[in-house]
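Keep in mind that the numbers below use all heavy atoms, side chains included, and drop hydrogens, waters and symmetry copies. In what follows, every chain begins at residue 1, and chains take the letters A, B, ... in the order their sequences are listed.
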Amino acid sequence: MYSQYLFTISMSKGVISKDEDYSQWFNDLVIKSDMAEYSPVRGCMIIKPYGYSIWEKIQAVLDGMFKETGHSNAYFPLLIPKSFFSKEASHVDGFAKECAVVTHYRLKNDGEGNIIVDEEAKLEEELIIRPTSETIIWNTYKGWIQSYRDLPILVNQWANVMRWEMRTRLFLRTSEFLWQEGHTAHATAEEAIAETEQMLNVYADFAENWMALPVVKGRKTANERFAGALDTYCIEALMQDGKALQAGTSHFLGQNFAKAFDVKFTTRDNKQDFVWATSWGVSTRLIGALIMAHSDDAGLVLPPKLAPIQVVIVPIYKHDEELDNIANYVAGLTKELKAKGISVKFDKRDTHRPGAKFAEYELKGVPLRVAIGSRDMQNGTVELARRDTKTKETVNQEGLAQQIESLLEEIQNNIYKKAFDFRAENMVEVDTWDEFKRMLDEQPGFISAHWDGTSETEQKIKEETKATIRCIPLNNKQEEGKCILTGKPSTQRVLFARAY
RNA sequence: CGGGAUGUAGCGUAGCCCGGUAUCGCGCCACAUUUGGGAUGUGGAGGCCGCAGGUUCGAAUCCUGCCAUCCCGACCA
């Protein structure tokens, strides 16, 4: 006999509605939920403990997956000699415009109380703060690889990188960001391609099963490819405002970097060949994706599998004896939940009233809330509230841990389903140019359409509509069609969207 | 980096046009009463008005530069 009813959020303190101003809503959530704040340095952010704990969860799971697929972690330097960047032409073109450069190694006092750069401490060769690590890593791999017996090399690093972005957004595009970058070396192209695809699948698995984020796996067109790659695979997700977000990439680099850094090996039949390479990465941008895909006007909605706190317990009491009584019960419940690997927070602060705590944990996206008062203690019940559906019900204390465990699973699935349904509603096939433009304006989302396969057409579409080809989906069905812009023949549909 | 807007206490704001050292709400601190959806009362603290120059007897207010945020472009995980 459970009573169930909707409860409304009377006010979402300081968070603007997402329908009113999506960008502002996103920023409000990040700040108000205590995930991050701005730093004194342009484009850089301070990731606060709550936000960082989500990143730690992401790291832990992915790191396990990388190790499961045979990779090891290593660490390469933050600073890279400038000359390394000139070795791979398309790579330098891709990153040159956004590199921070270290030119001096000392400051001094100018005698008037100011600290200034000591011009005498100028570096012979400037150092680049890594925007990505291909160059330093391939320079290093040259010393590690002589024979096919040394291959493959399967290395990942967790690091920060810096790209001097013109326009920044918390978590989505900051000048400095945290990520992982895998860099592997192989004896054959086939093996490297298999690695590229394997890691794409790891990312897709993580996005769908942990972040509850449905993604489209696909390949980038030549225009959208990573600087220096022969082929870029990606996972693309749809945000609640209908814009696409690239959530992860995996690149087949061919022999480009091996040639640039002269990394040759002796094959089984005693011939010299260049090594085949891949690189793949995801960043703290995933946290941005998590927020934009699931959250609502009351705050974050975190999938239980990545929530730093999965269950929060709020006691409701008037006197200390009541609290003692409740705390006594909570101790037992907490123990049971922890035994199931569920993270629990018992918030017995007496400086905040229950309503304030409810609002706070809604803002922070805690999936399940248990409220217990004296009335419950008498009845042998608790009040259980779900963040995802904003419903609450009164349930028996008996078997509660079990129920919480299955509810968390249900919430995880429900959040995924919600995101999946949203994407299904906002992914349409379109066959005419007018329809294409109309959909972008009236119901933004993924648009599946025919394209003649040329960079010029892709470019023209981007200029006229701001929509880009997010990817050519893997396992795309082949069908005859006409390019929406030029009317030229096409063999398959590709996925367009406006993107972050 | 180009165009537009904004910046006043932790947050949201009034004052700016028409110069005379700052308004209100929330939050914060103390005490009391409270505690099943963001408590109430009383008392109190908190500001070199984004930063740096300039004009002026005097600048939150006028002028210049810079920085940051948001929106629109170019760039991008």
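Mapping A:Lys357 and A:Thr284 onto RNA chain B by nearest heavy atom places A:Lys357 closer to the 5' end of the strand.
If you take CD of A:Glu463 and P of B:C75, they are 9 Å apart, rounded to a whole angstrom. Taking atom CD of A:Glu224 as the reference point, atom C1' of B:C75 lies 12 Å away to the nearest angstrom. Summarising the geometry, the separation between CG on A:Asn160 and P on B:A77 is reported as 17 Å, rounded to the nearest angstrom. Atom C1' of nucleotide B:C75 and atom CG of A:Asn223 are separated by 14 Å, given to the nearest angstrom. Atom CG of A:Leu323 is separated from atom P of B:G36 by 14 Å (rounded to the nearest Å).
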Every protein N/O within reach of nucleotides 29-35 of chain B N/O, cut-off under 3.5 Å:
residue	atom	partner	partner atom	Å
B:U35	O4'	A:Arg353	NH2	3.1
B:U35	O2'	A:Tyr317	O	3.3

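Using the six-membered ring where Trp is involved, A:Trp433 and A:Phe436 have ring planes that are parallel, under 30° apart on the 30 and 60° scheme. Note on ring orientation: taking the six-membered ring where Trp is involved, the planes of A:Trp158 and A:Trp55 are perpendicular (angle over 60°, cut-offs 30° and 60°).
For B:G36 and B:A32, the C1' atoms lie 23 Å apart once the distance is rounded to whole Å. One C1' atom belongs to B:A30, the other to B:A14, and the distance between them is 29 Å to the nearest Å. Using P as the reference atom, B:G47 and B:U56 are 31 Å apart when rounded to the nearest Å. Comparing B:C17 with B:C51, their C1' atoms are spaced 24 Å from each other, to the whole Å. Separation of the P atoms belonging to B:U61 and B:G20 is 10 Å when rounded to the nearest angstrom. A distance of about 14 Å separates the P atoms of B:G19 and B:A59, rounded to the whole Å. B:C18 sits 15 Å from B:A60 when the C1' atoms are compared, rounded to a whole Å. Across the C1' atoms, B:G50 and B:A5 are found 16 Å apart, a figure rounded to whole Å.
Annotation: side chain to side chain donor-acceptor pair (under 3.5 Å) contacts of A:Ser175 (sequence neighbours excluded): none. Residues that satisfy the side-chain contact (heavy atoms from CB on, under 4.5 Å) test with A:Arg438, not counting sequence neighbours, are A:Glu435, A:Glu442. Legend: residues meeting side chain to side chain donor-acceptor pair (under 3.5 Å) with A:Gln157, ordered by chain and number and at least two apart, are A:Ser133, A:Glu181. With sequence neighbours excluded, no residue satisfies ring pair (Phe, Tyr, Trp, His ring centres under 6.0 Å) with A:Trp164. Every residue meeting the side-chain contact (heavy atoms from CB on, under 4.5 Å) condition with A:Gln240, not counting sequence neighbours, appears here in chain and number order: A:Lys18, A:Tyr22, A:Trp25. In terms of the side chain to side chain donor-acceptor pair (under 3.5 Å) criterion, residue partners of A:Thr232 (sequence neighbours excluded) are, by chain and number, A:His251.
By the criterion of a centre-to-centre distance under 5.5 Å and near-parallel planes under 30°, the ring of A:Phe177 forms a stack with the base of B:A77.
In the set B:A77, B:G36, B:G38, the nucleotide with an atom closest to the side chain of A:Asp376 is B:G36. Minimum atom distance to the side chain of A:Glu360 is reached by B:G38, of the listed B:G37, B:U69, B:G38. Among the nucleotides B:G37, B:A77, B:G36, the one closest to any side-chain atom of A:Ala371 is B:G36.
Across all strands shown, A:Thr249 has no heavy atoms under 4.0 Å from either base or sugar-phosphate atoms. Within 4.0 Å (heavy atoms only), A:Glu98 reaches sugar-phosphate atoms of the nucleic acid but no base atom. Among the heavy atoms of the strands lying under 4.0 Å from A:Glu165 is at least one base atom, whether or not backbone atoms are also near. A:Thr132 comes within 4.0 angstrom of no nucleic acid atom, judged by non-hydrogen atoms across all strands. At the heavy-atom level, A:Leu245 lies nowhere under 4.0 Å from the strands shown. Among the heavy atoms of the strands lying under 4.0 Å from A:Gly373 is at least one base atom, whether or not backbone atoms are also near.
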Which pairs of donor and acceptor atoms, one on a side chain in residues 310-321 of chain A, lie under 3.5 Å apart (sequence neighbours left out)?
residue	atom	partner	partner atom	Å
A:Gln310	OE1	A:Ser343	N	2.9
A:Gln310	OE1	A:Ser343	OG	3.4
A:Gln310	NE2	A:Pro304	O	3.0

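The base of B:G37 lies close enough to the side chain of A:Lys392 for a donor and an acceptor atom to sit less than 3.5 Å apart.
In RNA chain B, runs of at least 3 stacked Watson-Crick or G-U pairs (N1-N3 plus N6-O4 or O6-N4, or N1-O2 plus O6-N3, all under 3.5 Å) give these stems: B:1-7 with B:67-73, B:10-12 with B:24-26, B:28-33 with B:39-44, B:50-54 with B:62-66.
Put simply, A:Asn27 has no side-chain N or O that comes within less than 4.0 Å of OP1 or OP2 on B:U69. In terms of phosphate contacts, A:Thr168 brings a side-chain nitrogen or oxygen within less than 4.0 Å of OP1 or OP2 of B:U69. Phosphate proximity of B:C70 to A:Tyr22: absent, as no side-chain N or O sits under 4.0 Å from OP1 or OP2.
One finds a salt bridge joining A:Lys67 and A:Asp63 here, because a Lys/Arg side-chain nitrogen approaches an Asp/Glu carboxylate oxygen to under 4.0 Å.
Around atom OH of A:Tyr329, more than 12 heavy atoms belonging to other residues, nucleotides or ligands sit under 6.0 Å away. Taking a 6.0 Å sphere around NZ of A:Lys57, one finds it holds more than 12 heavy atoms contributed by other residues, nucleotides or ligands.
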